[in-house]
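Sequential numbering from 1 along the given sequence is applied to the chain's residues. No hydrogens, no waters, no symmetry mates; every other heavy atom, side chains included, goes into these values. Owing to the predicted nature of the structure, the values given are computational and were not obtained by experimental measurement.
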Amino acid sequence: MSSTLSPTDFDSLEIQGQYSDINNRWDLPDTDWDNDSSSARLFERSRIKALADEREAVQKKTFTKWVNSHLARVTCRVGDLYSDLRDGRNLLRLLEVLSGETLPKPTKGRMRIHCLENVDKALQFLKEQKVHLENMGSHDIVDGNHRLTLGLVWTIILRFQIQDISVETEDNKEKKSAKDALLLWCQMKTAGYPNVNVHNFTTSWRDGLAFNAIVHKHRPDLLDFESLKKCNAHYNLQNAFNLAEKELGLTKLLDPEDVNVDQPDEKSIITYVATYYHYFSKMKALAVEGKRIGKVLDHAMEAERLVEKYESLASELLQWIEQTIVTLNDRQLANSLSGVQNQLQSFNSYRTVEKPPKFTEKGNLEVLLFTVQSKLRANNQKVYTPREGRLISDINKAWERLEKAEHERELALRTELIRQEKLEQLAARFDRKAAMRETWLSENQRLVSQDNFGLELAAVEAAVRKHEAIETDIVAYSGRVQAVDAVAAELAAERYHDIKRIAARQHNVARLWGFLRQMVAARRERLLVNLELQKVFQDLLYLMDWMEEMKGRLQSPDLGKHLAGVEDLLQLHELVEADIAVQAERVRAVSASALRFRDPGTEYKPCDPQLVSERVATLERSYEALCELAAARRARLEESRRLWRFLWEVGEAEAWVREQQHLLASAESGRDLTGVLRLLNKHTALRGEMSGRLGPLKLTLEQGQQLVAEGHPGAGQAAARAAELQAQWERLEALAEERAQRLAQAASLYQFQADANDMEAWLVDALRLVSSPELGHDEFSTQALARQHRALEEEIRGHRPTLDALKEQSSALPPALGRAPEVQGRVPALERHYEELQARAGERARALEAALALYTMLSEAGACGLWVEEKEQWLNGLTLPERLEDLEVVQQRFETLEPEMNALAARITAVNDIAEQLLKANPPSKDSIVNTQKQLNHRWQQFRSLADGKKAALTSALSIQNYHLECTETQAWMREKTKVIESTQGLGNDLAGVLALQRKLAGTERDLEAISARVGELNREANALAAGHPAQAPAIKARLGEVQAGWEDLRATMRRREESLGEARRLQDFLRSLDDFQAWLGRTQTAVASEEGPATLPEAEALLAQHAGLRGEVERAQGEYSRLRALGEEVTRDQADPQCLFLRQRLEALGTGWEELGRMWESRQGRLAQAHGFQGFLRDARQAEGVLSSQEYVLSHTEMPGTLQAADATIKKLEDFMSTMDANGERIRGLLEAGRQLVSEGNIHAEKIREKADSIATRGMTRAMTMPPVSPVGAEGPVVLRSKDGREREREKRFSFFKKNK
């Protein structure tokens, strides 16, 4: 594939090729150097190495400074170019600064994979910029490869600093770029300077004159070139570098000693000279740009002056317009006719004097703007456009707003003039109306001040009607008064200038109007009081007449001749009482209304108060006498009603009793069970009705006894009727009891007969079912019959309790009924039928089971035979293929066949079991069963033999194919390992070579052991296959010989390589041991650094034991650590190459990690010990809380005894409890002391320990306070509570230690 390469790409390829040549010379095998032992070759080797190191150091310093000069823009820098670019972060920042583009964000993390990813992003970006990278990958940069790191930085410099340089020759015939262009530029700038001849980027710059010539060419003011001497190269270089850094701001990438050598580094000088080129090129561009700017300044100044003038005039005109608009929009006009006329005259003066000059100024502004824009167009400048708000259109719009405001001002003045003229006319009309209203109001006040009402109700009512006419006239006149108020309000709303006079006169009219309305209201109140008094006197007369009438009706002697008559009289009396009650409210209302007129607090009294009091007293006495007469009349009527009600209830009860006695005397007991049950229900209803009537009957008899006891006038009649009713009721109860016994006996007999008939009918149906010869024609029909028969058997067992109940019913019948023909002998007959039914049911169940087993066996045998036939056809048609893949497919089918065969074997076993059971019963189809069994077993054995033979053939073919496959894989494996061993021939015996050897031979020895085991397995497998397959034995042995020959070649190659390694073997073992030990150290540090904390005491103990085990493992590794340190120091002693330095750093890191492991172990040991103490404290605390909870429960459920024995028992229990509590108190004190010790030792869980200890101490104090103090029982009495002081001392003693611990 071909692609287009830029000059920079060619330079990059050239530089990378040079680096590759140098390193390839160092990568020659040691034998190539050892073969030529001449001193010249050794000197050349050392010289080349020294020059390469010197050049690499100069390039590293120069490139580092160049990178920092660009990273300074993002406040970042690198210290070591090799190490600081390994993570890729600084590389991405550098490319972002150089390219000005945004690159992908670097991946977070310090692992190797993260560094590789970041470097890949940078390299991918360079490839997108068409930068060719030869033999360079991200792992080279991450590994810190000096050669390729410098090559990468040089490639970046070529791409972003040198590739864009392009210079034309003096005759403009050729244009050069990149490195050639830079050289041409240097030659052009230094041409004519003595002793300066730039023809390369190495020796031409050693004396420093070329650097000074370039600076002098562009800035002759900075140095005197004539004073410089070619012989003083160090001074010349130092002078040029210092001037460039201080005066030009160019980073000092080189030092004089880097250039003043025999062969300066070309890349470093190119990098530094490129900074000169970019700086002076930019300076030249800035100078050219400045000249262009100066040409337009004069024209711009003139245009700017005119613009400023326009802006000033436009601002002044707009300001005048805005101020004038504000003045014209002022609507604070004069509030009088003369003032408005003066303002109108001033407005006319503005329009004729002030406005015309401003209009002329507006036209001049338009001319000025046109002039400015014409000059700018003539000078090829941007046409001036006034800013928003200063445009001619803006000025015109402002002038239009001025004219609009002017027009609105004129309209407002003329409107206000008309309004003032109307207000003057309205004020004159108000004065006329106010004078008329004042005269009318004065006359009406004189009219309503007179009182002439009369002394009769009719006269007072006439005065009221006259007063209402006056009020109507006054109300009608209110509209005229409101008209005056409306005119005044209109004048006030229009802000009339003499509104104070108008308001004063309006107030006077309103005052006269209000006074007149007050006088009218007062006269109406007095008139209504007189009217109300006359109505009260009339109501008093009406009530007195009604009371006299009621007294005559209440004194009547009629008390009724029967109950209905008495009820009617009581209803009439209730109406009279209701009427009296209604009139009571009226009497009270009339009295209250009359008494108001004698109230001394009332100023106006229409009559004498004494007259009112006398009339009210007479009314109240008459009403009280009427109420007494009504109460006496009600008492006499109630007594009469009691007697007549008793006699009526006795008659009703006697009639019902006689009717029921007639019914109970009937001898009917029913013809069957239904009739008896119907009669029993009727009798039960009758007994319920009797129970319901018994209560009212007793109440009636008690009422009669009460009448007799009270000596009522009808007491004799009441006593006789009550005795007769009691005798009839007792006879009714006796008849009911006899009737109930007869009906119960008849019901028992009929019930027994019905149950026996039902049992007999069911037995007949069941015998018919169990006697059926039907046993089914296949398995499914037989199963259905078996299910039906099981249901019938369950039904038979369910009828056994019914038969037992029939026995009990027959024995419970009365002797007379039990000896009846339809009862005697019925139960034994049912028993015989039931036993016969059970026997036939058992026989049918056995027959159905035998038939079902036979059908099941035949069905299973047929299904098994079909499966065997199908699989025999497949096996007979099976031909074993030769390819391994096809053999594996056949093997999978055999693997699925085996579970099916196992399942079929179980089914055949079940068929044989069923057949054996059937044969034991000697069934009629015995020959068919035997033939079916033999045929099935014979076919199964044949199929088993066929399947086993096919499977053995398949296994044999598979084993041979697998053997050949394993031989092929083993040979490929051995060839691969041979190539790996041979690839290590070019590695040296130094540390770098050993490291490379270790990487390439990692795991080779383990693979050889595995290959050896594989060859042994193949040998045993070949012997077995040859013995089992004699026909193929030669091919099997030949393939085994090929494998063994390859194995011997591999072992010989490995032995030769081990013999050639010598000292490198020992170094390789050391590096492998160092890797293993560092891996173990990392794992152990991870285990020791675990933050896992125990949640229980067993977990804490387990973690402590695990941690102690880690300590033992560390102690065992101490010897290995010491050996590795000693061997490492021996290997790296007096060695200065980078690989030895890296190994020395690994050893230092190993020592640091070993010491850190000891400190981490001690730290975790302390944390685990504290956690163990904390968990132990929690365990003891939970036990203490359980003890306290049980003690609190006992104390809360202790009751004070009430007897001497209970007190003794309670005291004994309490003493035992206190002994236990004291013993537990010692444990709690120990727990609290342990908690204080853990807190004082600074346990990490000190706060939780303190909270738990405080909680336990608080509960202990509470328990001691709630302890019930009881004194022993003495001879004087039972329990005696101690005094208050004694209880307090006892409680203080009990929880003193809790207070102390808390």
Side-chain angles (χ1 to χ4, degrees), residues 320-356 358-359 397-446 470-520:
W320 177 84
I321 291 174
E322 294 299 331
Q323 291 176 354
T324 305
I325 289 174
V326 172
T327 303
L328 293 176
N329 288 334
D330 184 12
R331 294 296 182 264
Q332 298 294 331
L333 304 179
N335 195 18
S336 63
L337 183 61
S338 59
V340 173
Q341 291 173 350
N342 293 332
Q343 288 180 339
L344 185 58
Q345 185 178 0
S346 299
F347 175 73
N348 292 329
S349 176
Y350 150 77
R351 297 181 68 179
T352 58
V353 177
E354 184 177 359
K355 180 181 176 183
K358 295 296 180 182
F359 182 77
K397 291 179 181 178
W399 190 265
E400 291 175 0
R401 289 191 291 108
L402 175 65
E403 290 182 344
K404 181 179 179 182
E406 179 182 328
H407 176 67
E408 292 175 352
R409 176 73 172 180
E410 182 180 6
L411 290 178
L413 287 172
R414 297 192 180 281
T415 303
E416 183 65 19
L417 182 63
I418 296 171
R419 190 179 72 86
Q420 290 295 335
E421 292 175 351
K422 290 182 178 180
L423 287 178
E424 292 296 337
Q425 296 174 2
L426 189 62
R429 189 175 65 178
F430 173 79
D431 291 334
R432 290 195 302 270
K433 289 182 177 292
M436 295 171 61
R437 306 301 181 263
E438 289 171 351
T439 302
W440 187 87
L441 290 172
S442 298
E443 292 177 356
N444 279 277
Q445 286 177 5
R446 179 181 55 79
I470 295 173
E471 284 182 337
T472 302
D473 191 14
I474 291 174
V475 170
Y477 199 77
S478 63
R480 300 183 180 182
V481 177
Q482 292 175 0
V484 175
D485 294 339
V487 174
E490 185 177 357
L491 289 171
E494 295 294 334
R495 297 179 290 107
Y496 180 62
H497 65 92
D498 198 10
I499 191 61
K500 292 183 179 179
R501 180 184 64 80
I502 299 297
R505 194 157 190 180
Q506 177 198 8
H507 179 69
N508 185 44
V509 174
R511 181 182 59 78
L512 293 174
W513 172 254
F515 184 63
L516 175 61
R517 295 187 65 183
Q518 291 176 3
M519 292 178 67
V520 172

Student: Decide, yes or no, whether a salt bridge links Glu438 with Arg505 under the criterion of side-chain N to carboxylate O below 4.0 Å.
Tutor: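 Between Arg505 and Glu438 there is a salt bridge, with a charged N closer than 4.0 Å to a carboxylate O.
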Student: Can you check whether Trp513 reaches Ile474 side chain to side chain, under 4.5 Å on heavy atoms?
Tutor: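 Yes, side chains in contact.
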Student: Would the distance check show the side chain of Thr327 and the main-chain N or O of Gln323 forming a donor-acceptor pair, the cut-off being under 3.5 Å?
Tutor: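 It does hold such a pair.
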Student: Distance check, rounded to the nearest 0.5 Å: Arg517 atom CZ versus Leu512 atom CG?
Tutor: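 CG of Leu512 is found 14.0 Å from CZ of Arg517.
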Student: Looking only at heavy atoms, which two atoms of Ala398 and Ile321 are closest? And how far apart?
Tutor: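 Heavy atoms only, the tightest pair is O-CG2, 3.4 Å.
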Student: Below 30° counts as parallel, above 60° as perpendicular, anything between as tilted: where do the rings of Tyr477 and Trp440 land?
Tutor: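 Answer is parallel, since the angle falls under 30°.
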Student: Could you tell me whether the side chain of Asn508 and the main chain of Ala504 form a donor-acceptor pair under 3.5 Å?
Tutor: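 Here the side-chain-to-backbone pair does not exist.
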Student: Hey, what do you get for CG (Leu413) to CD (Gln341), rounding to the nearest 0.5 Å?
Tutor: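 The distance works out to 11.5 Å.
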Student: Where the side chain of Arg480 meets the backbone of Arg437, is there a donor-acceptor pair that is under 3.5 Å apart?
Tutor: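 Pair absent, no side-chain N/O of Arg480 close to backbone of Arg437.
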Student: Could you go step by step and tell me if Arg414 and Glu410 meet the salt bridge (charged side-chain N to carboxylate O under 4.0 Å, His left out) rule?
Tutor: CA-CA 6 Å; Arg414 297 192 180 281; Glu410 182 180 6; 3.6 Å; yes
Student: Above 12 or not: heavy atoms from other molecules or residues under 6.0 Å from NZ of Lys355?
Tutor: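 Yes, because the 6.0 Å sphere around NZ of Lys355 holds more than 12 heavy atoms from other groups.
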Student: For residues 488-495, which side-chain N or O atoms pair as donor and acceptor with protein atoms under 3.5 Å away, sequence neighbours left out?
Tutor:
{"from": "Glu494", "atom 1": "OE1", "to": "Arg419", "atom 2": "NH1", "distance (Å)": "3.0"}

Student: Find the distance between OG (Ser478) and CG (Leu516) and round it off to the nearest 0.5 Å.
Tutor: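 One finds 11.0 Å between OG of Ser478 and CG of Leu516.
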Student: For Phe515, is the CZ atom crowded, meaning more than 12 foreign heavy atoms sit under 6.0 Å from it?
Tutor: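 Counting neighbours around CZ of Phe515, 12 or fewer heavy atoms of other residues, nucleotides or ligands fall under 6.0 Å, so no.
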Student: For residues Asp485 and Gln506, determine if any side-chain heavy atom of one lies less than 4.5 Å from a side-chain heavy atom of the other.
Tutor: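 Contact flag for Asp485/Gln506 side chains = yes.
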Student: Please report the C-alpha distance between Ile418 and Lys422 in whole Å, then the side-chain angles of each, then the deciding distance to 0.1 Å, and finally whether the side chain to side chain contact (heavy atoms under 4.5 Å, CB included) criterion is met.
Tutor: CA-CA 6 Å; Ile418 296 171; Lys422 290 182 178 180; 3.9 Å; yes
Student: Given side chains that start at C-beta, do those of Val326 and Glu322 come closer than 4.5 Å, heavy atoms only?
Tutor: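 No. Closest side-chain heavy atoms not under 4.5 Å.
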Student: Which heavy atom of Phe347 sits nearest a heavy atom of Glu406, and at what distance?
Tutor: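 Taking Phe347 first and Glu406 second, the nearest heavy atoms are CZ-O, 3.4 Å.
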Student: Looking at Arg446, I want to see if its CZ is surrounded by more than 12 non-hydrogen atoms of other residues, nucleotides or ligands under 6.0 Å.
Tutor: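 Counting other residues, nucleotides and ligands, CZ of Arg446 stays at 12 neighbours or fewer.
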Student: Can you tell me how far apart CD (Glu354) and OG1 (Thr324) are? Round to the nearest 0.5 Å.
Tutor: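 Output value for this atom pair is 5.5 Å.
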Student: State, with a plain yes or no, whether a side-chain heavy atom of Gln420 is found less than 4.5 Å away from one of Glu416.
Tutor: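 When only atoms from C-beta onward are counted, Glu416 and Gln420 do touch, with a gap below 4.5 Å.
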Student: What verdict does the side chain to side chain contact (heavy atoms under 4.5 Å, CB included) test give for Arg409 and Leu333, after you've listed the backbone C-alpha separation in whole Å, the side-chain angles of each residue and the deciding distance to 0.1 Å?
Tutor: CA-CA 10 Å; Arg409 176 73 172 180; Leu333 304 179; 3.7 Å; yes
Student: Tell me whether Glu421 at atom CD has more than 12 heavy atoms from other residues, nucleotides or ligands lying less than 6.0 Å away.
Tutor: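 Counting neighbours around CD of Glu421, more than 12 heavy atoms of other residues, nucleotides or ligands fall under 6.0 Å, so yes.
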Student: Looking at every non-hydrogen atom in both residues, tell me the closest pair between Ala405 and Asn329 and how far apart they are.
Tutor: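 Between these two residues, the closest heavy atoms are CB-OD1, 3.6 Å.
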Student: Got a second to check how far Gln343's CD is from Leu417's CG, nearest 0.5 Å?
Tutor: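 Reported to 0.5 Å precision, the distance equals 11.0 Å.
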Student: Identify each donor-acceptor pair in which a side-chain atom of residues 424-436 lies under 3.5 Å from a protein atom, sequence neighbours left out, and give them as a table.
Tutor:
{"from": "Glu424", "atom 1": "OE1", "to": "Tyr496", "atom 2": "OH", "distance (Å)": "3.4"}
{"from": "Glu424", "atom 1": "OE2", "to": "His497", "atom 2": "NE2", "distance (Å)": "2.9"}
{"from": "Asp431", "atom 1": "OD1", "to": "Arg501", "atom 2": "NH1", "distance (Å)": "3.0"}
{"from": "Asp431", "atom 1": "OD2", "to": "Arg501", "atom 2": "NH1", "distance (Å)": "3.4"}

Student: Would you name the heavy atoms of Pro356 and Thr352 that are closest together and state the gap between them?
Tutor: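 Answer, listing the atom of Pro356 first, then Thr352: CG-O, 4.0 Å.
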Student: Working to the nearest 0.5 Å, report the span between OG of Ser349 and CG of Leu344.
Tutor: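 It comes to 11.5 Å.
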Student: So Ile502 and Ile499, do their side chains get closer than 4.5 Å, heavy atoms only?
Tutor: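 SC-SC contact between Ile499 and Ile502 confirmed.
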